[in-house]
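Notes for the one structure printed next.
No hydrogens, no waters, no symmetry mates; every other heavy atom, side chains included, goes into these values. Chain letters run A, B, ... following the sequence lines, proteins first, then strands; residues in each count from 1. Just so we're clear, the structure is a prediction, and the values are computed from it rather than from any experiment.
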Amino acid sequence: MKLPLEFYENHDTITLSQRLLGCELVHKSPEGTTAGLIVETEAYLTGDPACHAYRKKTVRNAAMFGPAGTLYVYLIYGFYYCLNVVTGPEGVGEAVLIRALEPTEGLDLMGERRSLDPTTKAGLRGLTSGPGKLVIAMGISRDHNFLSLTESGIYIRPRILPDFEMVTTTRIGITQGADLPYRFYVRGNRFVSKP
DNA sequence: GCAGAGATTTTCT
DNA sequence: GAAAATCTCTGCA
């Protein structure tokens, strides 16, 4: 059960940011399967000064211009990777940043990758409570850039979180376009980076 | 429990 | 040369 390509093609970036909340991101790696519910996202659109694709296409942001349903993984601050779901048709640089997950599968493997103990409260929360952390916990690296969410070991299952309240607010950690309400998260979820 | 420094690649002024 | 869609560790309350 995975979301079909049409899901990514038939909605705009803002709508997808909202609809991805409560869906489950799954990664089947050689070491084992890890998965988590998406509980926090941010939208990055063309014409948005905070978007990497705002100025022009480079080797780093090329994946953002790919077809909807492509993964965009990039290095931030020289240390950490961030995971994005590319949206919009090919040639349009838009994407949804996955900021936080609630782990559902492969907790031990996540704990190993993050050097944390998932049986403790603090260790569990630290696994995926931020964009750079969840990339490590899921075993995602620069090699996953350009991969397709419908044709690889990484994919997203339809929404399985029954009921939740969605909060819309401004984005985090950026200086340009910081007043745009393009951040979405599940209210009260422990794994949201900043409630 | 919170605030601040530091790590390091990619891109642009 | 500097800033960027971040995290961890340290020091002090």
Side-chain angles (χ1 to χ4, degrees), chain A residues 12-18 20-21 25 34 36 38-66 68 70-88 92-103 110-118 120-147 149 154 156 167-186 189-195:
Chain A
D12 62 39
T13 304
I14 299 284
T15 306
L16 276 169
S17 305
Q18 302 169 347
L20 284 173
L21 286 178
L25 178 68
T34 47
I38 299 170
V39 295
E40 184 177 0
T41 60
E42 285 180 8
Y44 286 88
L45 293 83
T46 53
D48 169 7
C51 181
H52 284 173
Y54 177 62
R55 292 193 176 278
K56 66 180 180 187
K57 188 172 176 177
T58 66
V59 285
R60 182 208 200 191
N61 67 25
M64 276 187 113
F65 292 87
T70 302
L71 284 173
Y72 170 45
V73 180
Y74 73 93
L75 185 66
I76 186 67
Y77 299 119
F79 299 87
Y80 295 97
Y81 292 99
C82 289
L83 178 67
N84 298 253
V85 176
V86 176
T87 57
V92 176
E94 301 199 346
V96 177
L97 170 67
I98 309 296
R99 285 193 56 90
L101 298 176
E102 175 178 340
M110 289 187 183
E112 206 175 298
R113 285 169 174 154
R114 297 268 306 120
S115 302
L116 290 172
D117 181 358
T120 66
K121 231 173 161 182
L124 179 63
R125 184 181 187 279
L127 288 180
T128 54
S129 59
K133 301 180 190 176
L134 71 90
V135 166
I136 299 171
M138 293 292 287
I140 292 166
S141 72
R142 187 162 43 190
D143 299 336
H144 296 82
N145 203 13
F146 280 111
L147 284 187
L149 278 166
I154 300 183
I156 298 177
V167 181
T168 303
T169 181
T170 51
R171 291 173 295 186
I172 290 181
I174 56 173
T175 53
Q176 312 231 309
D179 53 338
L180 296 171
Y182 291 166
R183 176 170 174 253
F184 311 95
Y185 66 88
V186 177
N189 189 283
R190 195 159 82 257
F191 296 90
V192 173
S193 57
K194 275 195 187 174

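Remark: P of C:dA3 and OH of A:Y54 are 19 Å apart, rounded to the nearest angstrom. A:L127 places its CG atom 13 Å from the P atom of C:dC7, with the value rounded to the nearest Å. To the nearest angstrom, C1' of C:dA5 lies 12 Å from CG of A:L134. Rounding to whole angstrom units, OH of residue A:Y81 and C1' of C:dA4 are separated by 15 Å. If you take CD of A:Q176 and P of C:dA3, they are 12 Å apart, rounded to a whole angstrom. In this structure, the OH atom of A:Y72 is 10 Å from the P atom of C:dA5, given to the nearest Å.
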For residues 131-143 of chain A, tabulate all N or O donor-acceptor pairs below 3.5 Å that involve a side-chain atom, not counting sequence neighbours.
| residue | atom | partner | partner atom | Å |
| --- | --- | --- | --- | --- |
| A:K133 | NZ | A:S129 | OG | 3.2 |
| A:S141 | OG | A:D143 | N | 3.2 |

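Of the charged side-chain nitrogens involved, none lies within less than 4.0 Å of a carboxylate oxygen, so that A:E102 and A:R190 do not count as a salt-bridged pair. Salt bridge annotation for A:R171-A:D48: present, with a cationic side-chain nitrogen under 4.0 angstrom from a carboxylate oxygen.
Paired regions of DNA chain C, where each region holds three or more successive Watson-Crick or G-U pairs whose two hydrogen-bonding distances fall under 3.5 Å, are B:1-7 with C:6-12, B:9-12 with C:1-4.
A side-chain N or O of A:R99 and one of A:S193 form a donor-acceptor pair less than 3.5 Å apart.
A residue-by-residue look at A:K133 and A:Y44 shows that A:Y44 has its nearest nucleotide of DNA chain C further toward the 5' end. DNA chain C is contacted by both A:T175 and A:P131; A:T175 maps to the nucleotide lying nearer its 5′ end (nearest heavy atom per residue).
Residue A:H52 places no side-chain atom within donor-acceptor reach of the base of C:dA4, judged by atom type and a 3.5 Å distance cut-off alone.
Comparing the same atom, P, in B:dT13 and in C:dA5 gives a spacing of 14 Å after rounding to whole Å.
In summary, the aromatic rings of A:H52 and A:Y44 are positioned with their centroids too far apart to meet the 6.0 Å limit.
Between A:R114 and the phosphate of C:dT8, there is a side-chain N or O to OP1/OP2 separation shorter than 4.0 Å.
Within the 4.5 Å cutoff, the side chain of A:T169 has heavy atoms near those of the A:Y185 side chain. A heavy-atom distance below 4.5 Å is not found between the side chains of A:C82 and A:Y72.
Summarising the geometry of A:H144 relative to A:L71, their closest heavy-atom pair is O-CB, 3.7 Å, with the distance given to 0.1 Å.
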Going 5' to 3' through nucleotides 6-13 of chain B and flagging B where a protein heavy-atom sits under 4.0 Å of the base, S where only the sugar-phosphate is that close, and - otherwise, we get -BBBSSSS
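Panel note: side chain A:N145, backbone A:V73; a donor-acceptor pair is recorded below 3.5 Å.
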